[in-house]
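Written out below as structure tokens is the structure these notes cover.
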Amino acid sequence: MLQKVLLVWVLAWTVIAFALMGIDKAKAKRHKQRIPEKMLFLSAILGGSVGSLFRHKTKHWSFRIGMPVILLVQVALLLLWSFRHYVWGV
């Protein structure tokens with residue numbers, strides 16, 4: 001049950017993060033008010049890191065490094081959780 005909830009959570013935030021990145025990129029092209037970077041990072045941290053890898057803000061080191069790092073941390077946590085009985089004997 002928890003696995004299904006987690007899967008739905010991650011998929012939903014991936015779609016949200018992808019949409020936010022796309023909307024922000026469209027706004028940038030039209031020189032409109034952008035989505036705050038804090039919101040883009042928050043959507044990645046909440047589970048949308050895959051959707052945040054959208055080719056966007058490639059000039060900003062915080063995005064070139066930060067988004068992949070968030071994804072790697074989330075994958076590592078997922079692997080630890082998946083193999084927790086091997087790691088901690090739980």
Those residues that, when tested against K32, pass side chain to side chain contact (heavy atoms under 4.5 Å, CB included) (two or more places apart)
K27, R30
List for me each residue that meets side chain to side chain contact (heavy atoms under 4.5 Å, CB included) alongside L79, sequence neighbours excluded, and say none if there are none.
V75, F83
Which other residues belong to the hydrophobic cluster containing V69, where Ile, Leu, Val, Met, Phe, Trp and Tyr are joined when side-chain heavy atoms lie under 4.5 Å apart, directly or via other members?
I65, V73, L77
Closest approach of S62 to F41 (non-hydrogen atoms, all atoms of both residues):
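Looking at all heavy atoms of both residues, the closest pair is O-CZ, 3.3 Å.
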Give the minimum heavy-atom separation between G51 and M21, together with the two atoms involved.
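For G51 versus M21, the nearest heavy atoms are O-CG, 4.2 Å.
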Can you list every side-chain hydrogen bond (donor to acceptor under 3.5 Å, both in side chains) pair that touches residues 71-83, not counting sequence neighbours?
S49-Q74
Report yes or no: do M39 and I23 belong to one cluster of Ile/Leu/Val/Met/Phe/Trp/Tyr joined by side chain heavy-atom distances under 4.5 Å?
yes
Are L40 and L42 connected in the hydrophobic side-chain network, where two residues link if heavy atoms are under 4.5 Å apart?
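Per the 4.5 Å side-chain linkage, L40 and L42 are co-clustered.
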Below 4.5 Å, heavy atoms only, C-beta onward: do W61 and R64 meet side chain to side chain?
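SC-SC contact between W61 and R64 confirmed.
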In residues 4-19, what donor-acceptor pairs under 3.5 Å come from side-chain atoms, sequence neighbours left out?
| residue | atom | partner | partner atom | Å |
| --- | --- | --- | --- | --- |
| W9 | NE1 | L46 | O | 2.6 |
| T14 | OG1 | V10 | O | 2.7 |

Rounded to the nearest 0.5 Å, what's the gap from CG on L53 to CE on M67? Could you check?
8.0 Å
